[in-house]
Amino acid sequence: MKSRAFVPEKLDVAALAHDAAELAGEWPAASLERLADAAAPEAPATGWPALKWALRGEMRQPKGGKAQTWLHLTASGQVALTCQRCLKPVHEDIDIDRWIRFVDTEAEAAAPDVDSDDDVLALPRHLDARELIEDELLLALPLVPRHEVCPDPLPVPADEDLPEEDERPNPFAKLAALKRRDG
């Protein structure tokens with residue numbers, strides 16, 4: 001039997017799963033435009049290492065049910081984002097290891113399954129695996145990127161108009177004085 005050639009940009013997930021085939025590769029980070037847009041200005045995606053990815057299809061036969069189409073997606077890479085403390089680039093490692101189950105219709109994919117935490121998608125005729133991998137990478141980005149210890153913390157502005165800590169009046173002292181006067 002002749003093995004099929006699979007292309008990530010136009011992937012036949014059902015055939016990949018039926019053949020229990022694997023597909024892997026590397027992409028320059030800059031080729032994933034939405035991910036590259038998240039880059040710190042001082043560390044553009046063109047300087048990031050290549051993103052590695054792999055896909056493996058699998059058919060599973062649950063007892064008493066129809067065969068299920070599964071896709072195992074792994075991806076890893078390193079990105080440089082803007083630290084929210086010091087505003088300098090912070091390098092973050094991203095590792096994804098996800099199983100996705102494919103069902104026949106959008107309605108099946110949208111139906112909540114209280115017994116399962118699986119990611120479920122409707123089985124398309126052709127899937128753009130590049131777009132799926134980029135989506136997963138974007139979801140794996142930290143919400144608030146920051147260094148454990150910033151190399152150069154932002155300087156605190158020196159403001160001579162602020163009273164010293166001891167000079168600041170206590171707002172509750174004024175309230176206590178009002179209560180004593182009225183009572």
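The basis for the numbers below is simple: all heavy atoms, side chains too, and nothing from hydrogens, waters or symmetry mates. In this chain, residues are counted from 1 in sequence order.
- Atom CD of E33 is surrounded by 12 or fewer heavy atoms from other residues, nucleotides or ligands within 6.0 Å.
- For E106, the CD atom sits in a loose shell: 12 or fewer heavy atoms of surrounding residues, nucleotides or ligands are nearer than 6.0 Å.
- No continuous path of hydrophobic side-chain contacts links V103 to L11 [ILVMFWY only; heavy atoms under 4.5 Å].
- Within the model, atoms CG of L81 and NE2 of H91 stand 9.5 Å from one another, a figure rounded to the nearest 0.5 Å.
- V90 is not listed as a side-chain neighbour of R146, based on a closest heavy-atom distance of 4.5 Å or more.
- Across every non-hydrogen atom of G77 and L51, the tightest pair is CA-CD2, 3.5 Å.
- Residue pairs that meet the salt bridge (Lys or Arg N to Asp or Glu O under 4.0 Å) test with at least one member in residues 66-81, sequence neighbours left out, are K66-D104.
- Side chain of E134 to main chain of R34: a donor-acceptor pair is present (N/O by atom type, distance under 3.5 Å, no hydrogens or angles).
- With contacts defined as side-chain heavy-atom distances shorter than 4.5 Å, the pair T82/P41 qualifies.
- F102 and W70 end up in different hydrophobic clusters when Ile, Leu, Val, Met, Phe, Trp and Tyr side chains are linked at under 4.5 Å.
- L132 is listed as a side-chain neighbour of I100, based on a closest heavy-atom distance under 4.5 Å.
- Using modelled atom types, no side-chain atom of R101 and backbone atom of Q68 make a donor-acceptor pair closer than 3.5 Å.
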- [ ] Could you please spell out the steps behind the side chain to side chain contact (heavy atoms under 4.5 Å, CB included) verdict for T69 and M59?
- [x] CA-CA 5 Å; T69 304; M59 293 298 291; 3.6 Å; yes

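- Of the inter-residue distances, the one linking K52 atom NZ with D95 atom CG reads 11.0 Å to the nearest 0.5 angstrom.
- The aromatic rings of W99 and H72 lie parallel to each other, with less than 30° between the two planes, well short of the 60° mark.
- Smallest separation of non-hydrogen atoms from G65 and Q61: O-NE2, 2.6 Å.
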- [ ] Show your working on side chain to side chain contact (heavy atoms under 4.5 Å, CB included) between L55 and F6 and close with a plain yes or no.
- [x] CA-CA 11 Å; L55 301 169; F6 295 102; over 6 Å; no

- [ ] Go through W53 and L137 one step at a time and tell me if the side chain to side chain contact (heavy atoms under 4.5 Å, CB included) criterion holds.
- [x] CA-CA 10 Å; W53 58 271; L137 290 167; over 6 Å; no

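- When hydrophobic clusters are built by joining Ile, Leu, Val, Met, Phe, Trp and Tyr residues whose side-chain heavy atoms come closer than 4.5 Å, directly or via intermediates, L127 is grouped together with L138.
- A 4.5 Å side-chain heavy-atom check between L141 and L35 finds at least one atom pair inside the cut-off.
- Between T46 and A30, the shortest heavy-atom contact is CG2-CB, 3.9 Å.
- A distance of 10.5 Å separates CG of L143 from CD of Q84, quoted to the nearest 0.5 Å.
- Between A45 and A29 the shortest heavy-atom distance is O-CB, 3.9 Å.
- Note: E9 CD to D128 CG = 6.0 Å, rounded to the nearest 0.5 Å.
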